[in-house]
Structure formats: structure tokens, C-alpha cells
Amino acid sequence: MDALRNPYSPGAGVRPPELAGRDDVIDDVLNVIARLTRQRATQCPMLVGLRGVGKTVLLNHLYRGAQQAGAIATLIEAPENKPLPILLVPRLRELLLAMSAKEYLSDKFSRAVGVLRNFMASWKVKYEGIELSLPGAPSTPGLADSGDLDNDLAALLETIGELAREQKRAVILFIDEMQFIPENELGSLIAAIHRCFQLDLPIAVIGAGLPQLYANAGRAKSYSERLFKFYTIDRLDEISARNALVRPAEQEGAAYSEEAIIEVLAQTQRYPYFIQEWGDKCWRVAQSSPITLHDVKLATEAAIQHLDDSFFAVRFDRCSPLERSYMRAMAELGDDAVRSGAVAELMRRTAQQLAPTRSSLIKKGMIYSPSHGDAAFTVPLFADYMRRRIPALQK
Ligand SMILES: Nc1ncnc2c1ncn2[C@@H]1O[C@H](COP(=O)(O)OP(=O)(O)OP(=O)(O)O)[C@@H](O)[C@H]1O
Ligand SMILES: [Mg+2]
């Protein structure tokens with residue numbers, strides 16, 4: 001069908017034509033944002049789920065919602081291997097600039113600028129072109145300059161929170177891929193937010209990440225489970241999955257046969273990213289509407305080929321031979337969570353010998369541990385891929 005009118009949006013963080021099945025989470029988080037802007041205490045929402053379930057598009061949506069609600073918001077993606085201070089400083093500076101309208105140039109504002117300056121010096125954050133001088137801004141020795149990240153980040157967020165309270169606004173840091181923040185830095189961030197909440201300051205983090213974020217946060221600070229409210233972002237329910245597939249086509253005047261819909265939902269297992277991929281391939285192979293079961297079968301071949309060459313392959317390629325063997329053994333044991341002991345047995349090693357491999361796979365975001373001693377893939381349908389990629393298990 002007409003390629004120009006193809007409505008689907010397969011990709012990372014690409015806004016879907018229909019943001020299906022997330023209304024409850026959206027309502028809840030917008031409520032958190034509304035409470036914060038009214039200077040009321042709340043919890044920090046954390047969107048947790050596997051690769052491709054739609055965490056980033058949801059976070060972007062909520063970020064826009066926060067801006068519309070008048071909050072001062074910034075959107076940060078935590079990359080692997082970048083220290084938190086370096087990640088935060090440019091964004092906090094951006095927030096301060098957004099709070100620097102003339103009528104707001106109060107003592108609290110210049111104090112916040114001073115404290116950010118101290119933090120940068122203390123954490124050796126060099127940021128080209130950063131201009132933080134303010135005529136008459138007092139120096140604020142002793143704040144955010146101790147060299148202890150727990151203290152310094154708390155002091156910094158507290159001063160920004162005080163400024164937010166003075167301005168009767170909320171400050172929200174949206175942080176994606178939070179599982180990549182190292183545990184000690186995550187602990188400092190949690191402690192800083194905790195302190196701000198204790199002081200009733202309207203500053204919060206709204207985060208997203210892979211399921212390892214639960215454990216990371218719990219290990220970093222045991223009280224994180226009370227500070228954070230975790231939302232599991234999962235595959236779509238039946239009706240939402242149908243909507244995600246059918247509605248974008250309808251908007252373009254096209255339809256699917258009932259068998260075609262059932263087949264797409266079965267193949268994609270209702271995972272949002274896969275629905276976009278299958279929708280896209282169906283649109284490409286179909287000659288005319290309605291899209292039929294035959295079209296879906298052709299689309300399935302194309303979609304799997306494409307996923308194998310890109311989505312799955314980029315992840316596989318990042319792993320060492322031993323890590324690949326580990327994942328292949330996991331796939332041998334099934335599609336769901338498997339016991340680490342059983343994986344080791346299959347590889348004729350002890351769980352202890354394989355512990356470094358397992359933890360490196362968790363660190364890379366390939367697998368996670370749903371409960372103690374278990375391992376599961378963070379990428380949906382990855383077990384199938386592993387069996388296709390390495391047909392015979394090497395012991
Ligand atoms: N609720 C939804 N309805 C329909 N499509 C969606 C929905 N959520 C996400 N998608 C689509 O799924 C794909 C993946 O979305 P996104 O990048 O937000 O996932 P993610 O969870 O952030 O993945 P990753 O963990 O790899 O970063 C995109 O193509 C997006 O358009
Ligand atoms: Mg994402």
C-alpha cells in the first residue's frame with residue numbers, strides 16, 4: 001500500500017500513532033505532577049519494564065504533560081558509564097535558567113546559582129560555555145562542596161527545591177535508562193530526593209528503566225521502595241493491542257481481517273515495539289485493504305528477518321562468547337525465567353563459576369533477576385532469537 005501513508009512507527013522512543021493501553025499510568029503520574037505543582041508531598045513514579053514496551057515514549061508523553069502543567073522539567077537519558085554529576089549539571093543549569101525570569105531574581109535564585117557553581121567545582125564538572133556568574137551572587141561556601149556526593153547532591157537539590165517553592169512551581173527530573181546509574185550514585189540521588197521530600201520541597205524524579213532498577217534502587221537505599229512508586233510497563237492487554245494495530249490503519253482508511261489481527265497479536269505477543277514492526281511490514285507487503293492473514297504471514301517473515309538483523313543483533317553483538325553461551329543455555333531451558341543453577345548445570349559449570357558472567361549480563365541490561373537465583377531476558381522474544389542464532393547448544 002502507499003508507503004507515504006504508512007502510519008506505523010517502529011523504533012526506539014518514536015512516538016506511536018496510538019499510545020494504547022497506558023491511560024491508567026498516565027492519569028496516575030499526571031496526578032503526581034499536579035500534586036507537586038500544588039506543593040504537596042508525593043512519591044516518585046518509576047516506569048519499569050522490558051526493552052521495547054514503551055517506557056521512553058511514555059516518559060516523553062509525561063514530560064510534555066509536566067510542561068503543560070507549568071512544571072519546570074528536564075529530560076535526561078542516563079548512558080552507560082557517565083558519572084551522575086556530569087550528567088546532571090547541564091540539565092540543572094537549564095532548569096535554573098528556566099527559573100530566571102526577571103521577576104524571579106531573588107536571593108534564593110542567586111544562592112542556587114552559587115551552590116551549582118560549588119557543585120561543579122567540587123565534582124570537577126567542566127562544561128564548555130557554561131556561564132554561571134551572576135552580578136552580586138553571594139558565594140556560598142560549605143554548600144555542595146564537600147566532595148561527598150550524598151551531601152553535595154542533597155544540598156544542591158535542596159537549594160533548587162527552595163527556589164521552586166518560592167516560585168510556587170514544581171521541578172521534575174525525568175530520567176530514562178535509570179538502571180545504568182551506578183549504585184552509589186543512584187543512592188546519592190535517592191538520598192537527595194528523600195531529603196527534599198522530608199522538607200516538603202516540590203522537586204522530584206520521574207524515572208524509567210529495565211527491571212534491574214528495582215533491585216538497584218533497593219540495594220542503593222532500602223527506603224527507596226517507599227520513596228519510589230514502581231509501575232510495571234508490560235505488553236498490552238488484548239483490547240489495547242488491537243487498538244495499537246488497527247486504529248492507525250483506520251486513520252488511513254485501511255482495515256485488517258479478523259484472522260490477520262489474531263495472527264499479529266499472536267506473533268508479537270502484544271509487545272508494543274513488535275506491534276509497530278508487524279504493522280509496518282503488513283502495510284508494506286499488502287497490496288490493498290483489508291490486510292489478510294496471507295499478508296501477515298509474509299510480514300512475519302520480513303519482520304523476523306529485520307529484527308534478527310537489527311534489534312536482536314545489536315544486543316547479541318555486545319556480548320562475549322561466554323555470555324552468549326550463557327544466554328543460549330538460558331534459551332534451552334525455556335522462554336521465561338530460569339534458575340541460574342540449571343543454566344550452570346547445562347553448561348557443566350557451577351553457578352559460582354558463572355556468577356561474573358551472569359552479573360555482567362545484568363549490568364549490560366541483557367538479563368535481570370526476577371527473584372533470587374532466577375534469570376530472565378530483558379528483551380522480549382529473545383529466547384527464540386537465541387535458538388535461531390545458535391541452533392545447537394554447545395556444552
Ligand atoms: N502504548 C503503545 N502503543 C503502541 N505503540 C507503542 C506504545 N508504546 C510504545 N510503542 C512503540 O513501541 C516502540 C518502543 O517504544 P520505546 O522506545 O518507548 O520502548 P522502551 O520501553 O523505551 O524500550 P527500550 O527499553 O529499548 O528503551 C516504539 O516504536 C513505539 O512507537
Ligand atoms: Mg527506552
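Just so you know, ligand 1 is whichever comes first in the structure, and atom 1 is the first atom listed for that ligand.
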With a 4.5 Å cut-off on side-chain heavy atoms, are Asp176 and Leu75 touching?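 Leu75 vs Asp176: side chains apart.
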Applying a heavy-atom cut-off of 4.0 Å, say which part of [X] lies close to ligand 1: side chain, backbone, both or neither.
X: Leu50; value: backbone
X: Arg22; value: side chain
X: Val57; value: both

Which of the numbered atoms in ligand 1 are under 4.0 angstrom from any heavy atom belonging to [X]?
X: Tyr273; value: 12 (O), 13 (C), 14 (C)
X: Val14; value: 28 (C), 30 (C), 31 (O)
X: Glu177; value: 27 (O)
X: Thr56; value: 18 (O), 20 (P), 22 (O), 27 (O)
X: Pro10; value: 29 (O)
X: Ala12; value: 17 (O)

### Query
Val53: heavy atom below 4.0 Å from ligand 1, yes or no?
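It does, in that a heavy atom of Val53 comes within the 4.0 Å cut-off of ligand 1.
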Counting only heavy atoms, tell me which of [options] gets closest to [atom].
atom: atom 2 (C) of ligand 1; options: Ala241, Ser9, Ala20, Gly13; value: Ala20
atom: atom 23 (O) of ligand 1; options: Gly21, Gly11, Gly52, Gly49; value: Gly52
atom: atom 19 (O) of ligand 1; options: Pro16, Gly54, Pro272, Ser240; value: Gly54
atom: atom 11 (C) of ligand 1; options: Gln276, Arg247, Arg315; value: Gln276

Query raised in the report: Hey, any chance Ile304 and Val285 share a hydrophobic cluster, counting ILVMFWY side chains that come within less than 4.5 Å of each other, even indirectly?
Result: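 Different hydrophobic clusters.
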Heavy-atom donor-acceptor pair, [X] side chain to [Y] backbone, under 3.5 Å:
X: Thr42; Y: Leu36; result: no
X: Ser222; Y: Gly218; result: no
X: Arg165; Y: Pro202; result: no

* Asked: What residue and heavy atom of the protein are closest to atom 26 (O) of ligand 1, and at what distance?
  ->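 Closest protein heavy atom to atom 26 (O) of ligand 1: Arg51 CD, 3.1 Å.
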Margin query: How far is atom 4 (C) of ligand 1 from the closest protein heavy atom, and which atom is that?
Written below: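 Among all protein heavy atoms, the one nearest atom 4 (C) of ligand 1 is Glu18 O, 3.2 Å.
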For [X] and ligand 1, does the shortest N/O to N/O distance drop below 3.5 Å?
X: Ala244; answer: no
X: Leu19; answer: no
X: Lys55; answer: yes

In terms of relative ring orientation, are [X] and [Y] parallel, tilted or perpendicular, with 30° and 60° separating the classes?
X: Tyr385; Y: Phe312; answer: parallel
X: Phe274; Y: Phe311; answer: perpendicular
X: Phe377; Y: Phe382; answer: tilted

| request: Give, for atom OG of Ser188 and atom CD1 of Ile181, the distance between the pair rounded to the nearest 0.5 Å. | output: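 Separation between the atoms: 10.5 Å.
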Handout entry: Spacing of OH belonging to Tyr326 relative to OG belonging to Ser360, to within rounding of 0.5 Å
Key =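 If I round to the nearest 0.5 Å, the distance is 11.0 Å.
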Q: Check Lys364, Arg318, Lys363 against Glu80 for a salt bridge (Lys or Arg N to Asp or Glu O under 4.0 Å) and give me the one that passes.
A: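 Filter result, single survivor: Arg318.
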After noting the C-alpha distance and the side-chain angles of Leu199 and Phe197, does the key distance pass the side chain to side chain contact (heavy atoms under 4.5 Å, CB included) rule? CA-CA 5 Å; Leu199 299 170; Phe197 276 21; over 6 Å; no
